[in-house]
Amino acid sequence: MTDFALPGELLHALLPEITLVVGTLILLLASSWGGEASSPTRRTTQFAIGIVAVTAAAVIMAWMRGGGGTSDGRLAGDGFRYAMDLILLLGTAGALALLHTEQGRTRAYQAEIPVLMLLALCGMMLLTAARDLMFLFIGFELMSLAVYVLAGANRSSARSAEASLKYFLLGAFSSGFMVYGIALLYGAAGDTRLAVIGATAAGPLYLVGVALLLVGMAFKVSAVPFHLWTPDVYDGSPAPITAFMAASVKAAAFAMLLRIMTEALGPAIDHWHSVLWWLAAATMVIGNIVALSQRNLKRMLAYSGIAHAGYLLVAVLAYSTEGAAALVFYLLVYTLATLGAFAVLGIVSEGFESVTTIDDLAGLWHVRPGLAIAFAVCLLAFLGFPVAGGAGFFAKWYVLQAALASSTPLSVLVVVLVVSSVVSAGYYLTVIAAMFNQPRGETAVMPVPTPTLSAVVMVASVVALLVLGVYPTPAARLAASGSLGLSPVVAPVTAAAP
Amino acid sequence: MTPFYRFQFYLFALMAIGAALLFVTRKSPVSAALWLVNVMFALSGLYVMLDAPFVAAVQVLVYAGAIMVVFVFVVMLLNLGRPNALPDLREVSVRIGAGLVGVALLANLLAVRRETLPSVDFAPAVDNVVTPVAESLFTDYLLAFELTSILLLVAIIGAVVLAKRRAVA
Amino acid sequence: MSAVRQAVTSHPLDGSIAEWVWLIPLLPLLGALINGALVLWPRLSRGADHSLEAREAGAASSLAGTRWLTTIVGPGVLLLTFALAVAIFLAMRGAGEMLTPFIRTYASWMPAGSLVIDWGIQLDQLSMLMTLVITGVGLLIHVFSVGYMATDGGFARYFAYLNLFVCAMLVLVLGSSYAVMFVGWEGVGLASYLLIGFWFSEKANADAGKKAFIVNRIGDFGLLVAMFLLFSTTGALDFVGAHAGLAGASPAVFTTVALFLFLGCAGKSAQLPLYIWLPDAMAGPTPVSALIHAATMVTAGVYLIARAATVFAGAPAVSLFVALIGAATALFAATIALRQWDIKKVLAYSTISQLGYMFVAVGTGAYAAGVFHLVTHAFFKALLFLGAGAVIHAMHGAYHHSHQPDQDAQDLRNMGGLRKYLPVTSATMWIATLAIAGVPPLAGFFSKDEILTSVFTRAQGSTLASASLLGLPGSTVLYLIYGVGIVTALLTAVYMTRMMLLAFGGLNRTGERASAGLHDAPAIMLVPMVVLALLTLGGGWLNLPELIPLGPLHLLSSWLDPVSGEASRALGGSLHLDHSTELVLVGTAVAVALLGIAIAVMKYRSPISNKDKAVPDAGVAALLADAYRVDEGLDRTVVRPVYAFSTRVLWQGIDQNIDRAFVSGGRLLSRVAGQAHDALGGGDVGRYAWVIALGVLAVLAAFTVR
Amino acid sequence: MRDSLIALDMAPWILPVLVLWPLVGAALVRVLTSDRITPGVIDSMPTDALGRGGPDARTLTLGVLVVEAVLGVCAWILFDPDTAGWQLRADWTWLPDIGARISVGVDGVSLPMLVLTTLLMPLALLATWNQITTRMSSYGSLLLALTSGLVGVFAALDLLLFYLAWELMLIPMYFIIGIWGAAGRTRAAMKYVMLTMFGSLLMLAAIAALYVLGGSTSFHLDDLLRVSMSLDTQLWLFGAFFLAFAIKSALVPFHTWLPDAQFEAPVIGAVILGLKVGTYALLRFAIPLFPAAVMHDTVRSVVLVLSVIAIVWGALVAVVQPDLRRVLSYSSISHLGFIMLGCFALTQQSVEGAVMIMVNHGITTSALFLLAGFLRERSGTDRLDAFGGLARVVPLFAVMLTLSMLSTIGLPGTNGFIGEFLVLIGTYRTEPVAAIFATSGVVFASVYALRAVQRLLFSTLDTKANGGMRDLHGRQLAVMGVFAVAMLWLGLAPQPFLRRMELASGALVERVRGAEYAKTQVQPSGAVVIGAAGPSTAAGVTP
Amino acid sequence: MMLADALIVSAILFSIGVVGVLTRRNAIILFMCVELMLNAVNLSFVVFAKMHGVGGHVFVIMVMTIAAAEAAVGLAIVISVFRHFGAVDLQNLKLLRR
């Protein structure tokens, strides 16, 4: 007779997730309790931030306790999971704070939106933990479905609705490919566990499966040529949701990508290495070059995000512990910078019907120096500029180091990375030039006074970036221990990098 | 494996493919949806032949019976019953191109044929087809099962958030 | 200041007054500083005035108050220097034969690895002689200047520059190494630049200064390269060490060093083709022309070749080349001088021509003869310039008082009959004219004759005669040079007499109103002229040939023997002409001089018309009057093309286009990429799906197509 | 003096303080003072942005810089010229995980540059006192941050630290040009930053590669000097370093940003852009790290040819420039050619000469840019054709301009001569042809310098307004006096500098030239073992 | 033999689904094409379950659940879009572009 009870081991392994879900369900009930008249969204959001904090505590506890995986190898309990969880929680908390501000202004969001964000977070946390394609797929869909809805969260906005539909259709389309890939991998290995797949010889089924799986993940991390949705969706979605997508969704997708690559796709490294190489190169180059011509800030940040996906792919390509650590560190910095940037963006885009362009920032420094400086720091962090851009430099540094120290040194890719970074300076600096070098227009709208939570997010991000920019060691240690459990199952073959 | 079995197999296969082709070429959303239902029925037949009667049943009940009904319902709700003034299909050149892409895709996918698959016995195993699924579902994949509840919760909340009529402040 | 490094071996001059030699360049520098301070001080204390007139008035009154100080300090330091130089000279005479130079180093300047360059002074017979000439003639010219510049607003500035020049010139001749000499070399160039452009408000004057500096720099380029080669060959740059280090070096090294050195000399001493700056340099005040552009600075090239005699002795072909260039320059400039109307231009081309003579001398290894001519030329050419200065002073004053400031005070066609108005000037200038023409027993006769004789002697047989230049045997070249020298002597006599006749002979053409104001210069200007006239008269005694035993023979030659005698003999051999040949040569020279004077008298005896009615020159005469139109040609073939190349090609063509390409290329890239990318999707989800599908195909193909 | 400083135990902390003090000062200035807002903007200004009162930002900045200068002089005194290797070292753990250290130290090459920088900054600020009057708090703190970056570049021995300092210079400079610059400032600043970043990011990649090749344990120069690399690797990495430094120092053909940046920048920005950090870094890092690449025939030919082209090109283009500032920029490009030549000729004299030019350039060109600034301050322009005959009106200005220009063209007796002469005489020993072509630069230099002098100072005073122009006075005169003394002092008695450079440049030459022998003995694997002799040789041996 | 054929059928259906996505402009039909793709995948799962055991069946059930959830969300989105645009034709959805 089979024991259908929830095994203790599973409970143990999923303590943070269970904490989160239970909290979320309570919040859901509570939010519908209040009724519509009292506009419970902001309160819900505050509670949601609390839940995130509690979950973070749970994650830290679980990490400190150690060994939280399951014995059947379907759930990981390694540092990578917890480190990524913390980054995701950070991103979500920040996005919630921004939502709080946004709601205070627009009153466009329903109380269920923070709940959906927490549920999406649940899916993301599953992505960092799962070592089974089935769990990964469900987590992936959980996250995706929630985010599709979130993209359309502003029901009064046609742009939001359009973003939602575009994201949904393309997401479903690409996850179709992905699930087909999973099917083929299952067919090749006879099991959905990554470890088993990673121990399978790379036959035709396996290879086609890898290819399709790659496509699905490449879509989510918005790698070229699967990136076209990104600017539209970032543009149309409400700013806090865009921040959420840019920071957390991308981080979760990369966590999934890295885990699958490392644990399951070792046998096919010869095949996917060159493909991913080209994807990374194209992503960096096209993302940055197209961003040059953007005037709409959100679209610009979208392309910038695409380019960053390219940099992160380089870390994945390093295929080493250092690469994993670099990825974690990078995502942490990227999350911070994204939150900071969107915090500012939210404040300055107040009063604009649809889009905020670079021209709207002209002379910002002259009227609101604090906002301008914060935004500049975040942009410089994206750029990877040392000191002034804070930890952004070290993020790039670790990637470079990992790429060069990889068993197949990615010298050419490093050069592509570096050169495309220079291109990226072209648009980051244009924004900075607009803010600092131009006078404030006569008719320009004065930005609203900075709301408390936005200020907290902004200041915290900037300070964290700057401090880590001088002394990155704590974060680097976290990233390093966050990558320990993630050594490649199969030693990378000396693959032919183009 | 009996020839009849084999005949049936290919019959369902051809049915599925044919219905799918008709599905993608129909202009009317409703007829397209119905052809899709047809595909699903054919597939359900194939499932049965592939020793998956439970899945076949779920396919008919959930997929054809529930999901597709929702589709048709929405089509009707949005008053799309008749073909739009604008043709739903894209231009001929796009269609030809898409066909080519489809063929190329298929050619690539058929690389899987290089894999030597084990020959398995196709004698229908009548006994106890649901139990192994259930056991698997509630032991190894228990977590997945639980997660689907959250997934459905998301779907519900999502649908409510998006589709509920509400006076927006 | 104490000597840092003493010579190891003892020297006859140890402990003598020669230990004070460092004061020689420093005294004029002190003068320059004092005068400079006098110029700038009122500006320092009155910086806040806002109107130019107020400021200049204030400065002028302040300057007027300190004018007496300048009058004392300017010539005074020269007097002190000259006195010190004489004292040292006497000490040297008294010390007996001095075979090694007296060298004192005071501080390390540029030590870098094996390179040792010290601030050091080398006192030997050559530098002593040069010092005497510079300080002596310099003193006279300073005194003259006090009168000449009396009414000029830039009185103190003028003396500051002039003192600075003397300082630099003394550093040039006293420096113990090529590097220190180079400091003086460029320093005189700077002073010359400042003095040529002294009246900088006229654009032409400033242009002339600029041109002088730049052309000199072309020469300096050669000098620098010569130094580099010397250092890399010998590891030393001081004269003694470098020359010693050259022993045993390959002929190629000698040739190259000598050639590059000569480039430097040609620039400074206005030899072909770098002479072009000197005529323009006449834009400066006339005493400046006398001191810098006749007596001292322009002879620095001659000094340097004599100084580097060791180098040139090792490169006979280069020596021949030097002589040939010298001869060509002499003839070339003399022809131009024939048709010049500006009194200073005549003298300028004359100077170039005489410098050519000196180069003939040092080129043929007759270093003593070259230096002899240098000295006598310093006397008579300084005199000529001062005379010209007196004339111009008078003309200018006359025109000024008669309110005709637009009349050209330097044009010979405006002069005529000045003998009547300026008797002293006329007399002294005639002495100088006869000297330069080579009429015995004036100084010029002896020095020029010695040059021509030594050329002829060496043509008969010497190292030079047996060397070859561009395939021509050395003796042929030397005979050719001798012939050119004779022709030039004839021309010299012609153009100098012409100038004198036009200026002082015939009827006065200054004009009714102005001529009343013509009068001789004040005593302070005349006294130096008279002293120089005396020197011109007696200068020949410095180096009497055996043929004319009027006193102790070969004083100068034997004085210079420790410096250049060995090199001279190495190039020229020790052949002596017999007396009859020598007599014929002397006779020829004298005859040529007299013939030239006669020709000029014949031609210019009759009065010429005033400038306004003068018929323009035509044909060859016009070409000569325009100085062969070299400046115009250079402007058209070198200067303007270089400017155009810099502007059109390098700057606007390449630099700005690199720039434009960078900026607009970036913009274009971003725009094209943006548009192309939009074309890919353009907001249509269907197209996005297409791109995704194609991407899937590509990725799949990478996995499945082997 | 020196003994008392040593007794104070200053040596170990003087350099870290020199690097950090300006940063502290920047924070102080930013916190204690506020931007003075121009009246036009106040209307649209929220009250909190108007700021507080407090001390004058300029004065405070100057105070910080003066302290920095005093510390710089202390460093100069503490430095022992007769000791080889790094001095005044400080070495602290910074990022233990990757082995980066806060490691600073100076030798005879970096000390003059460092001290020059610390002295130049207060002088430049003083000379441009009234030229920038808006947002002075931001201005002062940016200036101080920039100083910190400059000093850091000269003091850093750890490559990561160096890179940080290197980039730290960039952002303040960007803002100084971009905010306080002239009309075309945004474009010029952008061009400057983009090009510099292009180079420095490639260099970053090369640093990463070098670090990984060295076993990923240390960024310290001494450790990296011991990394053995194949010739190909050296060539690639050297290429990246060289490109970075060539762009930064505006070597032809990467020079076009410089005239624009110096034209658009405020005067003080132009002065700082004139500091030769690029060539310093080349000499400190690129050349010793990759000796085989430096001695590679093709590399040498390319660099030498580029240097000579730069000398001639810069001078020729300077001849036809319409503005004084552009003339000066192009003259810098010409000078840069001499420096490059000296660095790559690699003889004792040429290297010392190159460092001398770097120092001299910092003095002379700064003086000239300040003078150009005075012109603009007085008449709003420095177009050459807007002036004429100024010598009559502003004689002190004229004297300074003439002196500085003469120094620029290397008149003996001024500082300019020393560097050029040493470079050329040293270069001639190994590369005679290049030296001869380079020497021709002295002719062209005189053309552009005298043209500018003549256009400005001489000819007739044709513009009436210029007649009322005010001569140098007070602050400006004092600053210029210091520059004049420095020019003459360095020209007549440069040995305090040369003496300090002697050991360091000798060691450099020996290290690189020594590699030439190793090249003839390529090991079977094709790897060239370099710097195997250990840190003592790397740090410098008495030649 | 038949397993391989079943896989081919799956691939064909999948390709037809993709072609459908590429040729349709109606959001709902586009979504149906995606459903066809999922169905094709399910067929593959069932085939592999025949080889490897019931894991494939579980996966099919999961896919169906997800498809159901997707349908709910997707159709909600479609309705929302319809409210704003009055149509679900993708060519009309071009607010978001440069």
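In what follows, every chain begins at residue 1, and chains take the letters A, B, ... in the order their sequences are listed. All figures in this text were calculated on a predicted structure; none of them were measured in a lab.
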Mutual orientation of the aromatic rings belonging to A/Tyr186 and E/Phe45 [parallel < 30°, tilted 30-60°, perpendicular > 60°]: tilted
Beyond-backbone contact of A/Glu162 with E/His84, side-chain heavy atoms, under 4.5 angstrom: no
Interatomic distance, E/Met62 atom CE to A/Ile182 atom CD1 [nearest 0.5 angstrom]: 13.0 Å
Top contributor to chain A contacts, counting heavy-atom pairs under 4.5 Å, from E/Gly74, E/Ala76, E/Ser80: E/Gly74
Within-4.5 Å side-chain heavy-atom neighbours: A/Leu205 and E/Phe48: yes
Separation between CG of E/Leu96 and CH2 of A/Trp229, rounded to the nearest 0.5 Å: 13.0 Å
Trace of the side chain to side chain contact (heavy atoms under 4.5 Å, CB included) decision for A/Phe173 with E/Cys33: CA-CA 9 Å; A/Phe173 183 47; E/Cys33 293; over 6 Å; no
Winner by heavy-atom pair count (cut-off under 4.5 Å) against chain E, out of A/Ser157, A/Ala151, A/Gly152: A/Ser157
Option in A/Leu142, A/Val233, A/Leu169 with maximal non-hydrogen atom pairs under 4.5 Å from chain E: A/Leu169
Chain A contact via E/Phe31 - which portion, at a heavy-atom distance below 4.5 Å: both
Residue E/Ala11 versus chain A: region with a heavy atom under 4.5 Å: both
Max heavy-atom pair count under 4.5 Å with chain E, selected residue of A/Ala188, A/Ala163, A/Gly187, A/Ser160: A/Gly187
E/Leu90 CG to A/Lys166 NZ distance, which is reported to the nearest 0.5 Å: 9.0 Å
Nearest non-hydrogen partners of A/Ala161 and E/Ile77, listed with the distance: O-CG2, 4.5 Å
Pick from E/Thr65, E/Val18, E/Leu38 with the largest number of heavy-atom pairs that fall under 4.5 Å of chain A: E/Val18
Region of E/Leu93 in contact with chain A, defined by heavy-atom distances below 4.5 Å: both
Over all atoms of both residues, closest heavy-atom pair of A/Ala158 and E/Leu95: CB-CD1, 3.6 Å
Nearest atoms (heavy-atom pairs only) where A/Leu165 meets E/Ala27: CD2-CB, 4.0 Å
Rounded distance (nearest 0.5 Å) linking atom OG of A/Ser174 with atom CE of E/Met37: 8.5 Å
Residue selection (most heavy-atom pairs with chain A, distance under 4.5 Å) from E/Val58, E/Ile66, E/Asn42: E/Ile66
Proximal component of E/Phe59, with respect to chain A [non-hydrogen, under 4.5 Å]: both
Top contributor to chain E contacts, counting heavy-atom pairs under 4.5 Å, from A/Ile138, A/Leu184, A/Leu145: A/Leu145
Residue A/Thr192 versus chain E: region with a heavy atom under 4.5 Å: side chain
Evaluation steps, side chain to side chain contact (heavy atoms under 4.5 Å, CB included), between A/Ser144 and E/Glu70: CA-CA 10 Å; A/Ser144 300; E/Glu70 249 180 13; over 6 Å; no
Heavy-atom side-chain proximity of E/Val63 to A/Phe137 below 4.5 angstrom: yes
Structural part of E/Val21 lying under 4.5 Å from a heavy atom of chain A: side chain
